Student: 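The structure is given below, and queries will be raised subsequently.
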Protein chains: 2
Amino acid sequence: MTIAKLAKVSHTTVSRALNGSNLVKEETREKIRAIAKEIGYTPNISARGLVNRKTFLIGVFFSEMESGTSPSFLVDVLNQAREALPTGYIVSVDSIGNYKGNALPVGRYDGVVIISQAESDDVFIDQVRDQHIPMVVLNRQLSREDIVNYATDDYLGAQLLIQYAARMGHERIGILEGHPKFSSTKERWRGYVDSLNKAGLQFNDQWVKVGDYLPKSGYDKMKELLSGSAVPSCVFVTNDDMAVGAIRACEDLGFRVPDDISILGFDDTEYSKYLVPRLTTIKKPTHALVRKGIVALTNLLSAKNVTNRTETLRPSLVIRESVANVRNETN
Amino acid sequence: MTIAKLAKVSHTTVSRALNGSNLVKEETREKIRAIAKEIGYTPNISARGLVNRKTFLIGVFFSEMESGTSPSFLVDVLNQAREALPTGYIVSVDSIGNYKGNALPVGRYDGVVIISQAESDDVFIDQVRDQHIPMVVLNRQLSREDIVNYATDDYLGAQLLIQYAARMGHERIGILEGHPKFSSTKERWRGYVDSLNKAGLQFNDQWVKVGDYLPKSGYDKMKELLSGSAVPSCVFVTNDDMAVGAIRACEDLGFRVPDDISILGFDDTEYSKYLVPRLTTIKKPTHALVRKGIVALTNLLSAKNVTNRTETLRPSLVIRESVANVRNETN
DNA sequence: TTGAAAGCGCTAACAT
DNA sequence: ATGTTAGCGCTTTCAA
């Protein structure tokens, strides 16, 4: 190797010097460092990976990258992951869909974090587990104990919202659902129905519409909802992206928000607090979730054991202005 | 190697069989394939990379991932990149900031795409070039010819906007700038000033505010702007994210958009068409930009030469409802 | 059509 | 404190 020749030492010494081994004289180390810098030496990752069985690559996999996963959430995850990982690690992004069927190349990833939205991800999850690649699954609650899994309590989030609406006097509460296959959709739906029951409120078929978590569906479905014979006084739009479209639809049909109709969101996106009206929504502890996940993964990487193998984080209600207080009307 | 033993051939033959060499009997190949599948064999990427000098990893680097780069743009880039790349390649994400100073490990990336926002990225760009890693720089126009570089014409975009506002009769046009260090900020500013001049419109110091491309700054700065002694009739808010905040600020101070004040955006984000009012903005050909970039990079990877080494793509004006027609007033 | 041997750049075990 | 040697898993000559 060039650098070894220049320094007149063996390449072993070079390796040691550059890796901070204490088996080199400080003087030698300095000389080697200088030369390395001089000629712009950087280690060959493949060679190093081959002997160490480490690639310093963490794969982040999303159920669906093109749609369904909101961009801000995706970027949030990526940023948190990069920050929380030990130095030297880099992060790749991919869609689970790309791997349906074929296994991940062995030794390609030191670890994997899966941002799962739907049960259909399970075949991929099983595959990765069978390959014994360190893995954490985030975002969606798995019903098993063999995998490190952190999720937000969507069920609770929905309940918080509906309870709040009920407290504000709403009795006719509709729902605009997200992507039908997503677990979050199912959990939010459960929270909605259960809370309605607990509050002794009526359930009405006409007030439930199915969207896909994208703004357009919020717009289209809200229009449908408002065109029905009976209109609810409040609609639980199950994410903020759809809420933007939904509010637009209200506007277009002459319904003022929240005076004529109240809107509940979910996610507390960056722009939610600037909408007209400012959105009452649910804030998910995304940062904490991802951070916990990465910490666990880091432990897994160094073969430490993870104590909290599974956990559900509590979201919180963010009250703003999109829900009207209609208690007086009913008194 | 296990698979070699099981098939009773040498590992050389296994390698050949799995890589589609025609130097193996079809029968042998089948047998090997079957066994490989059976035991779930996947090649070791590091070993392969070591001999082939390929890692099948493309690094995507952003100026700033945490702020400044809008999430939807970032995700768009990532998706386009993944789709346009030949199969087998995976994509990593990183922030240029992480590499200030130290060089990229040699052989870590087969190629690199840089989404550049600011001139300060040049040191990183130079470094990568010095390492002779195939690279394309997107988003920001470089003033050099030695690097493949595609960008959107921000200057033109700004002109389109201001010309439109002028056509609608606006004479007092303000601006809410983005992150001061970003090239896009400078280009949009140039377009603003030049168009004002061409239209013979007055320029007023009080009507220019500096934000950072995030919604909050849109809100804060617009409030400042509206609190001045003389208020413009139209404000060029230099991206849609800030426009959301800006519209909110107008609302809070009792200015109706567009009746009392008109707003121009930039980017045409997913939600722009659902805002109240729907935003008149600039649509950037992001898909085409990234796709061109990846195609060029792919050519670079296979040592083909790239014909269009540099190009500026034209954005287009999207007229919606955030600008009032005030021509009558001035007649 | 197959195998044997060499070597990619690195780290680690074992001298010295 | 440093060098020698071997070997990680793969592809690629070179022989057979």
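To find a chain, count down the sequence lines: A is the first, B the second, and so on, and within it residues start at 1. Please read all numbers here as calculations on a predicted model, not as lab measurements.
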Student: When you measure from the side chain of B:Arg48 to the backbone N and O of B:Lys54, does any donor-acceptor pair fall under 3.5 Å?
Tutor: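 Checked: no pair found.
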Student: Starting at atom CG of B:Asn22, determine the distance to atom C1' of D:dT12, rounded to an integer number of angstrom.
Tutor: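 Value for this atom pair: 15 Å.
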Student: Please tell me if A:Thr13 has a side-chain N or O lying less than 4.0 Å from either OP1 or OP2 of D:dT2.
Tutor: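 False: A:Thr13 side-chain N/O out of range (4.0 Å or more) of D:dT2 OP1/OP2.
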Student: If you restrict it to nitrogen or oxygen atoms, what contacts under 3.5 Å exist between nucleotides 6-8 of chain C and the protein, and what is each distance?
Tutor:
from: C:dC8; atom 1: O3'; to: B:Arg53; atom 2: NH2; distance (Å): 2.4

Student: How are the rings of A:Phe61 and A:Tyr99 set relative to one another: parallel (under 30°), tilted (30 to 60°) or perpendicular (over 60°)?
Tutor: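 Geometry flag for A:Tyr99 against A:Phe61: perpendicular rings.
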Student: Using heavy atoms to find the nearest nucleotide of DNA chain C for A:Thr42 and B:Val24 separately, return the residue whose nucleotide is more 5′.
Tutor: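 Its nucleotide being nearer the 5' end, the pick is B:Val24.
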Student: Measure from NZ on A:Lys54 to P on D:dG9 and round the result to the nearest Å.
Tutor: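 Result: 17 Å.
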Student: Nearest-Å distance, CD1 (A:Ile3) to P (C:dG9)?
Tutor: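 The answer, rounded to whole Å, is 14 Å.
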Student: What I want to check is whether an N or O donor and acceptor connect the side chain of A:Thr12 with the base of C:dT11 at under 3.5 Å.
Tutor: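 Result: no qualifying N/O pair found.
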Student: Check this for me: B:Glu26, atom CD, are more than 12 non-hydrogen atoms of other residues, nucleotides or ligands nearer than 6.0 Å?
Tutor: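 It does: B:Glu26 CD has more than 12 such atoms within range.
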Student: Between A:Ser183 and A:Gln141, does any side-chain donor sit less than 3.5 Å from a side-chain acceptor?
Tutor: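 No, because no side-chain N or O of A:Ser183 sits under 3.5 Å from a partner of the opposite role on A:Gln141.
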Student: Return the nearest nucleotide to the side chain of A:Ser10; candidates are D:dA1, D:dT4, C:dT1.
Tutor: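 Within the option list, the nearest is D:dT4.
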Student: Could you tell me whether a side-chain N or O of B:Asn299 sits under 3.5 Å from a main-chain N or O of B:Asn305, the two making a donor and an acceptor?
Tutor: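 Looks like no, no N/O pair under 3.5 Å.
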Student: Does any donor-acceptor pair link the side chain of A:Ser15 with the base of C:dA12 at a separation under 3.5 Å?
Tutor: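 In this structure, the two groups form no donor-acceptor pair.
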Student: Answer yes if the side chains of A:Thr55 and A:Asp110 hold a donor-acceptor pair under 3.5 Å, and no otherwise.
Tutor: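 A pair is found: one side chain offers a donor N or O, the other an acceptor, under 3.5 Å apart.
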Student: Can you tell whether the side chains of A:Glu119 and A:Arg140 come within less than 4.0 Å, N to carboxylate O?
Tutor: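 Judged by the 4.0 Å cut-off on N to carboxylate O distance, A:Glu119 and A:Arg140 do not form a salt bridge.
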Student: Please state how far atom CZ in B:Arg48 lies from atom P in D:dT12, giving the value in whole angstrom units.
Tutor: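 Result: 10 Å.
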Student: With sequence neighbours excluded, what pairs up with A:Asp146 under the salt bridge (charged side-chain N to carboxylate O under 4.0 Å, His left out) test?
Tutor: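 Here the qualifying residues are A:Arg129, A:Arg144.
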Student: Check the phosphate of D:dC8 against A:Asn52, side-chain N and O only, distance under 4.0 Å to OP1 or OP2. Yes or no?
Tutor: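 Looking at the OP1 and OP2 atoms of D:dC8, neither is under 4.0 Å from any side-chain N or O of A:Asn52.
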Student: Taking the inter-plane angle between the rings of B:Phe62 and B:Phe73 on a 0 to 90° scale, is it parallel (under 30°), tilted (30 to 60°) or perpendicular (over 60°)?
Tutor: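 Correct class here is perpendicular.
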Student: Is it true that the side chains of B:Ser10 and B:Thr13 contain a donor and an acceptor less than 3.5 Å apart?
Tutor: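 Checked: B:Ser10/B:Thr13 side chains pair up, N/O donor to acceptor below 3.5 Å.
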Student: For A:Ser46, which contact category applies under a 4.0 Å heavy-atom criterion: base, sugar-phosphate, or nothing?
Tutor: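 Answer is nothing: A:Ser46 stays at 4.0 Å or more from every strand.
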Student: Is the distance from OP1 or OP2 of C:dT2 to the nearest side-chain N or O of B:Thr28 less than 4.0 Å?
Tutor: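 Checking C:dT2 against B:Thr28, a side-chain N or O does come within under 4.0 Å of OP1 or OP2.
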Student: Can you tell me if the side-chain N/O atoms of B:Tyr41 get under 4.0 Å from OP1 or OP2 in D:dC10?
Tutor: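 The answer is yes; a side-chain N or O of B:Tyr41 sits under 4.0 Å from OP1 or OP2.
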Student: Measure from CZ on A:Arg16 to P on C:dT16 and round the result to the nearest Å.
Tutor: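 My rounded result for the distance is 15 Å.
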Student: In whole Å, what is the span from the CG atom of B:Asn19 to the C1' atom of D:dC10?
Tutor: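 About 9 Å, once rounded to whole Å.
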Student: Quick one: A:Ile45 CD1 to C:dC10 C1', roughly how many Å, whole number?
Tutor: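 Those two atoms, CD1 and C1', are 11 Å apart.
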Student: Side chain of A:Leu23, heavy atoms from C-beta onward: which of D:dA1, D:dT4, C:dT2 has the nearest atom to it?
Tutor: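 From the listed options, D:dA1 comes nearest.
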Student: What is the distance, rounded to the nearest whole Å, between atom CD1 of B:Ile32 and atom C1' of D:dC10?
Tutor: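 Answer to the nearest Å: 15 Å.
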Student: Could you tell me, to 10°, how much the axis swings from one end of the helix from C:dT1-D:dA16 to C:dT16-D:dA1 to the other, five pairs per end?
Tutor: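 Helix axis angle between the two ends: 40°.
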